[in-house]
Structure formats: C-alpha cells, structure tokens
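First comes the structure, then the notes that go with it.
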Amino acid sequence: MNWDHFRPEHPSRPCTLYTVDGTLILALVVAAALAFDFTNGFHDTGNAMAASIATGALKPRVAVLLSAALNMVGAFLSLAVAATIAKGIVDQGVVTLPLVVGALAGAIVWNVVTWYLGLPSSSSHALVGALVGATLAAVGTGGVVWSGLVQKVVVPALLAPVIAGTVAALSTALVYRITRRVPVDARDKQLRWGQMASASMVSLAHGTNDAQKSMGIILLALVAGGAVPAGSDVPTWVVVSCALAMAAGTALGGWRVIRTLGKGLTDIQVPQGMASDTSSASVILVSSAFGFPLSTTQVATGSILGSGVGRREKVRWAVAGRMGVAWLVTLPAAAAFGALAVGLEHVVGGDAGIPVVLGVVAAVCAVIWWLSRRAAVDAHNVTADWDGGTPAPATAGARDAAGAVAASGATATARSASDDVVPPAPTPVAV
C-alpha cells in the first residue's frame with residue numbers, strides 16, 4: 001500500500017498531514033465504521049420488533065435476538081445501497097480518511113443522543129448528513145453530489161413514510177373487515193403467526209438496507225487509503241464484518257426506541273401489528289432493490305401511524321409531531337456534528353486528529369450511557385403503559401409479574417432493585 005499517495009506533495013489529494021503508520025489509521029477508521037454499524041443496530045431494532053413486542057406476539061428478548069439474526073442474513077442479500085453511499089453522495093476523488101472519520105463521528109453522536117431521548121430518528125439520514133457536513137467542511141460544496149443526494153435520499157425520505165402509512169392503513173382496515181365475525185381470541189391467536197412472519201421480514205429487509213451503509217463508508221475509507229482502487233466493489237470481509245456488527249447492536253435491544261414506537265404512537269393490536277410490519281417490509285425491500293438508502297425508522301413509524309388510522313384508533317399526534325421534528329433536523333444536525341469533527345481534526349493537526357476525535361466520541365457515548373442508567377428501559381418495562389415518557393422502575397415483585405403479563409400481550413411496569421439502577425430522574429425530553 002503506497003501511503004505517499006496521502007502526503008501533501010501528492011497532487012491528487014487535499015493537503016493532509018500523515019505522520020502515523022497508514023495501516024493503523026485505516027484500521028481506526030474501519031473500527032469507527034463498525035461502531036456506527038453497532039449503534040445503527042440497537043437504534044433501529046424498534047423498527048422491526050416494536051409492534052410485535054407491544055402486542056405480545058413475541059417476548060422482548062426473543063424478538064431482539066430474532067431481529068439480530070435476520071439483520072445479519074439480510075446484510076448478505078444486496079449491495080445496491082452500499083454502492084449509493086460509496087459513489088452517489090460525495091465525490092470519491094475528494095474523500096480522505098479524516099473526512100470519513102468526521103462523518104462517522106457525527107453519525108454516531110447523533111444516533112446515541114436520539115437513542116437516549118427515545119427518538120426513533122433515522123440512522124441512515126444521520127450518516128448521510130454527517131458525510132455531507134464533513135465533506136462541506138473539508139473541501140466545500142464541490143465535493144457533494146447534489147443530484148444523488150436529492151434523488152436517492154431527500155425524495156425517498158419524503159415519499160416513503162407516506163406510502164408506508166397509506167399501505168398500512170388500507171391493510172389494517174382490510175384485515176379488520178375480513179375478520180370482523182371471528183372471535184377476538186381466535187383472530188389474535190392466528191394473526192400472531194402472521195405478525196411474527198411480517199416482523200421477521202422487516203428485520204431481514206432492514207439488513208438489506210441499513211447494514212449496507214457502513215459497507216459503503218468502509219469502501220470509501222479503503223479507496224481513500226489506497227487499499228482498493230476507486231470504483232471497486234465491497235470486499236467480502238467488509239460485508240461479513242458489517243453484518244456481525246449490525247447483529248451485535250441489534251441484540252443489545254434499543255429498548256428506549258422500541259418503547260416509543262410500540263407504545264407511544266398508538267395502542268397496537270395484533271391485526272395492526274401484522275399490517276404495519278408487512279407494509280414496512282414491502283417498502284424497505286423495494287427501496288433496497290433500487291439502491292435508496294431509505295430511513296427504515298421513518299417507514300416503520302409511518303406504517304404504525306397508518307395502522308392506527310386504519311383501525312380508527314387514537315393516535316398520539318403530539319408524539320408523532322416530536323418525531324417529525326427529529327426527522328427534519330437529523331440531516332442538518334448530523335451535518336453540523338460531522339463538520340465539527342472535521343474542524344477538530346484540523347485544529348489538532350496531522351494524524352493525531354483522528355484518534356482525538358474518536359476519543360471524544362467514545363467519551364460522549366460513555367456519558368450518555370451513564371445518564372441512561374438513571375432511568376433505564378429494558379425488556380422488563382418496555383411494554384409498560386404509556387404515560388408520556390420513560391417508565392419508572394417498580395418493585396421486584398412487579399418485575400416478576402411483568403414477564404408473564406407482557407407475554408400475554410398486556411402491560412406492566414417492572415424493575416428489580418438488584419439491577420444497580422440509580423433511582424429514576426426525569427428524562428430530559430419526553431416523547
């Protein structure tokens with residue numbers, strides 16, 4: 001590998017000082033990309049499993065483990081989205097390793113912040129926004145492929161939740177109409193199998209779309225690092241690594257976002273859950289086939305809202321409105337974080353800027369994780385009745401009862417005093 005390609009005297013690269021071994025720098029960048037993939041996994045678990053957990057079709061821990069396995073399988077089924085991220089958003093010719101690190105730093109921070117607040121924002125848009133912001137800070141407007149950004153990111157972001165919500169509303173109304181003479185218990189028992197299948201399909205579809213984004217970022221880093229030539233396909237080891245990182249993050253749970261999607265928008269019944277999951281899976285799979293880096297969060301949210309409308313059930317539009325605001329600010333906010341990361345790298349100078357930025361990101365993530373433990377959401381209280389935000393821990397006896405209640409599709413508040421959780425403090429933002 002010829003690392004002289006990245007030294008200031010090389011005419012085809014922006015002036016960036018490299019004083020540390022190039023292989024180490026590239027390894028740090030790949031590790032950062034896999035860390036983003038990990039956060040993407042736990043941030044977006046709710047997209048696939050929130051409805052099935054809320055209705056009791058799947059137990060919480062079973063649901064997230066199933067989602068993790070199917071996310072990993074889905075990562076191997078398509079590479080069209082990876083190609084879009086690697087070639088369709090920014091000009092590969094201007095990409096450097098510090099630029100890639102800045103993009104990843106911005107996306108990771110935004111993912112962790114919105115996870116803490118329980119906001120199901122888009123990991124996809126966080127990555128795209130941070131990549132654009134880092135590129136603007138590093139080389140200016142000429143480095144962004146604006147036509148690709150509009151056609152493959154902005155337009156699908158506007159259309160996908162509307163389409164998913166419409167399909168889910170019609171599907172929900174149709175399911176209720178077809179089963180109107182079937183006893184509720186018998187109907188729900190049979191449709192739970194359909195909901196399990198549809199939720200599994202969402203997880204599979206999520207793997208075909210979201211896991212590809214980190215693959216595209218790593219391919220950009222490999223091109224910038226001279227490990228592969230421009231225009232190369234994603235190496236197999238990158239596909240495997242991203243699939244494993246996504247699955248590991250998904251298995252962690254992402255309970256805060258699951259709670260908002262499953263309990264905050266509307267009270268979901270089994271027919272709604274099946275209809276919304278089927279709608280989400282269909283839209284995501286179609287977008288993956290066309291290479292659109294779609295927001296699975298927006299699709300899943302649109303489907304759940306549509307299912308509430310189709311059932312003529314109460315929809316908490318205030319919660320939906322707060323989520324809409326998060327959607328609107330994700331691209332610019334992540335872009336700002338990406339630009340700040342690139343600025344910090346420039347201030348530090350040389351190769352030292354990359355580990356410094358990654359260290360800051362690690363510190364931010366550690367602080368947010370520590371804060372989250374003050375009012376923890378986990379498998380025991382994720383289906384508690386929605387009262388506007390994070391459920392408060394209850395007694396150990398209530399926690400023991402919660403498992404049985406949640407398995408039957410009902411709700412309970414539960415938390416064991418043995419979990420070493422500090423007594424709950426108010427959540428900074430309730431959704």
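Here the shortest heavy-atom pairing between Ala221 and Leu26 reads O-CD1, 3.6 Å. Residues Ile218 and Cys242 share a closest heavy-atom pair of CD1-SG, 3.8 Å. Smallest separation of non-hydrogen atoms from Ala103 and Ala130: O-CB, 3.0 Å. Counting all heavy atoms, side chain and backbone alike, Ala243 lies closest to Phe76 at CB-CE1, 3.7 Å. The minimum heavy-atom distance between Val64 and Ala251, with the atom names listed, is CG2-O, 4.0 Å. Scanning all heavy atoms of the two residues, the minimum distance from Val234 to Met215 falls at CG1-CB, 4.1 Å.
Applying the side-chain hydrogen bond (donor to acceptor under 3.5 Å, both in side chains) test to Ser67 and every residue at least two apart in sequence or in another chain returns Ser203. Among residues two or more places apart in sequence or in another chain, the side-chain hydrogen bond (donor to acceptor under 3.5 Å, both in side chains) test is passed with Thr330 by Trp110.
Inter-residue side-chain proximity for Ile354 and Pro98 is flagged as met; some heavy-atom pair is nearer than 4.5 Å. In this structure, Arg61 and His380 have side chains that are in contact, with non-hydrogen atoms separated by less than 4.5 Å. When side chains are defined from C-beta on, Leu371 counts as touching Tyr116, because their heavy atoms get closer than 4.5 Å. Looking at heavy atoms from C-beta onward, Ser200 lies in side-chain contact with Leu66 at the 4.5 angstrom threshold. In this structure, the side chains of Val364 and Phe337 stay at 4.5 Å or more apart for every pair of heavy atoms. Annotation: side chain of Ser171 is not in contact with side chain of Thr278 (no heavy-atom distance under 4.5 Å). Thr260 is not listed as a side-chain neighbour of Leu119, based on a closest heavy-atom distance of 4.5 Å or more. The closest side-chain heavy-atom distance from Leu34 to Phe38 is not below 4.5 Å.
Remark: Leu127 CG to Leu104 CG distance equals 6.5 Å, nearest 0.5 Å. In this structure, CG on Asn40 lies 8.5 Å from OG on Ser122, to the nearest 0.5 angstrom. One distance of note links CD of Gln195 with CG of Asp277; it measures 5.5 Å at 0.5 Å rounding. In this structure, CH2 in Trp327 is found 11.0 Å from CG in Leu158, a value given to the nearest 0.5 Å. Rounding to the nearest 0.5 Å places CD1 of Ile53 at 13.0 Å from NZ of Lys59. To the nearest 0.5 Å, atoms CD1 (Ile217) and CG (Leu222) are separated by 11.5 Å.
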Report task. Walk me through it: do Leu244 and Met72 pass the test side-chain contact (heavy atoms from CB on, under 4.5 Å)? Result -> CA-CA 6 Å; Leu244 291 174; Met72 184 167 61; 3.5 Å; yes
**Report entry** Stepwise side-chain contact (heavy atoms from CB on, under 4.5 Å) check, Thr55 with Gln269
**Finding:** CA-CA 6 Å; Thr55 63; Gln269 291 188 349; 5.6 Å; no
Requested in this report: Carefully, step by step, assess Val238 and Leu219 under the rule side-chain contact (heavy atoms from CB on, under 4.5 Å).
Outcome: CA-CA 8 Å; Val238 174; Leu219 181 57; over 6 Å; no
**Report entry** Intermediate values then yes/no, side-chain contact (heavy atoms from CB on, under 4.5 Å), Arg259 and Trp255
**Finding:** CA-CA 6 Å; Arg259 174 163 172 75; Trp255 304 111; over 6 Å; no
Please list, one pair per line, the donor and acceptor atoms closer than 3.5 Å that link side chains of residues 131-149 to other protein atoms, with sequence neighbours excluded.
| residue | atom | partner | partner atom | Å |
| --- | --- | --- | --- | --- |
| Thr135 | OG1 | Leu131 | O | 2.7 |
| Trp146 | NE1 | Thr141 | O | 3.2 |

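A donor-acceptor pair under 3.5 Å is formed between the side chain of Ser279 and the backbone N or O of Ala164.
Of the listed residues (Leu358, Val113, Thr39, Asp37), just one forms a side chain to side chain contact (heavy atoms under 4.5 Å, CB included) with Ile108, and that residue is Thr39.
Counted by atom type alone, Ser303 and Ser280 present one or more donor-acceptor pairs between their side chains at under 3.5 Å.
Within a 6.0 Å radius of CE in Met201, other residues, nucleotides and ligands contribute 12 heavy atoms or fewer.
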